[in-house]
Number of protein chains: 2
Amino acid sequence: MRPLIHPSIEDITVEGILHALSDPVRAAIYAELAISSGATCSNFLKISDRDIPKSTLSQHFRALREAGLIRSERQGVEMRNTTRCAEIEQRFPDLISTIMKAHQLQAAGRVREAKLKKSAGRKAS
Amino acid sequence: MRPLIHPSIEDITVEGILHALSDPVRAAIYAELAISSGATCSNFLKISDRDIPKSTLSQHFRALREAGLIRSERQGVEMRNTTRCAEIEQRFPDLISTIMKAHQLQAAGRVREAKLKKSAGRKAS
DNA sequence: TTCTATAGTTCATATGTTGCGAACTACGGA
DNA sequence: TCCGTAGTTCGCAACATATGAACTATAGAA
């Protein structure tokens, strides 16, 4: 089992961050980690009613880790994950927070849309 | 030749934007377009000393277009491209500008590094 | 109108990336 | 030592990307 790779702060790239967060599953994981620091991999086997296979999850965590977005540490049998947002904020001010805000905005928009659709459905029936 | 696809502002997603800008070539194109609005595809056959084949360029423009980042309009034999930053700013405040700032910061860092390396090389020789 | 040059697009394909089940490793506790 | 839980790795199928070659669209010249 190869040791976990955490790039040093200078090796973190904007491209890497954008790529990592351009996946909705990874963005959701990152958003959750930003709130509930220390969550483990298997806390995410379900993400907004979708089942994610654990091999896939493991890959997503690796992607986040190697992009420099999170730090993973073995703690007994499980893996504690924390965001590296403070470090990244130093290097790329506001980048992460602005991206997460945009994600939230978009999610809020989807909820609003779903409600409209639902009420339109009621009217039609 | 299928007509160009420009998503409406509501159909633009954060994931799409991040993915489009996670490619260094596309990020460079977008950055340049933000300054010199109306640039054409073949203005980018060379990007920072790298030759990009025109078929590849065409695909990159398509990616930017379909992510909603740029608008392309035929003007005679060529294609005028402009960013849709004002629209996107409305929908996702600060997103694009923060990403571009981060890209600039990173580029500046690379230049500094290259200079250090060069001066180290001089010392060594 | 036809020919030619220029700007981009599309197609085919080789190469790279991602998702996921199955098999594996790592650790803690009985 | 064995078992259960947490996570990783492998192998392969599906999908994405890069690029040369062939194509389309347009403007201007002959």
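Below, all heavy atoms of this structure are taken into account, side chains as well, without hydrogens, waters or symmetry copies. All chains are named by letter (A, B, ...) in the order of the sequence lines, taking the proteins before the strands, and each is independently numbered beginning at 1. Fair warning: this is a prediction, and the values are worked out from it, not measured in the lab.
Picking from dA25(D), dA6(D), dG19(C) the nucleotide with the shortest atom distance to the side chain of Arg74(B) gives dA25(D).
Annotation: of the two residues near DNA chain D, Met1(B) and His19(B), the 5′-most nearest-nucleotide partner is His19(B). Between Gly76(A) and Asn81(B), it is Asn81(B) whose nearest contact on DNA chain C lies nearer the 5' terminus. Summary of the strand contacts: Arg80(B) and Gln59(B) both lie near DNA chain C, and taking for each the nucleotide with the nearest heavy atom, the more 5' one is attributed to Arg80(B).
At whole-Å resolution of the value, CD in Gln75(B) and P in dT26(D) are 13 Å apart. Per the geometry, CZ belonging to Phe61(A) stands 9 Å off P belonging to dT8(D), to the nearest Å. Between the CE atom of Met79(A) and the P atom of dG7(D) there is a distance of 8 Å, given to the nearest Å. Counting to the nearest Å, the P atom of dG8(C) and the NE2 atom of His60(B) are 15 Å from each other. When the C1' atom of dT19(D) is taken as reference, atom CG of Asp23(B) falls 14 Å away, rounded to whole Å. In this structure, Ile5(B) places its CD1 atom 12 Å from P of dT9(C), rounding to the nearest Å. Counting to the nearest Å, the P atom of dT18(C) and the CG atom of Leu64(A) are 12 Å from each other. Distance CZ (Arg62(A)) to P (dT8(D)): 9 Å, rounded to an integer number of Å.
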**Prompt:** Are Arg84(B) and Glu89(B) close enough, and set up right, to give a salt bridge (charged side-chain N to carboxylate O under 4.0 Å, His left out), and what steps lead you there?
**Reply:** CA-CA 9 Å; Arg84(B) 296 177 65 181; Glu89(B) 173 67 21; over 6 Å; no
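Of the residues in residues 40-58 of chain A, those placing a heavy atom less than 4.0 Å from an atom of DNA chain C are Pro53(A), Ser55(A), Thr56(A), in numerical order.
Between Leu45(A) and Ile52(A), every side-chain heavy-atom pair lies at or beyond the 4.5 Å cut-off.
Scanning both residues, Phe61(A) and Thr40(A), for their nearest heavy atoms gives CZ-O, 4.3 Å. Counting all heavy atoms, side chain and backbone alike, His6(A) lies closest to Arg71(A) at NE2-CA, 3.4 Å.
Looking at Asn81(A) and Ser72(A), their side chains do bring a donor and an acceptor atom within 3.5 Å of each other. Side chains of Glu32(A) and Ser36(A): a donor-acceptor N/O pair is present below 3.5 angstrom, by distance only. No hydrogens or angles considered: a donor-acceptor pair under 3.5 Å links the side chains of His60(A) and Arg26(A).
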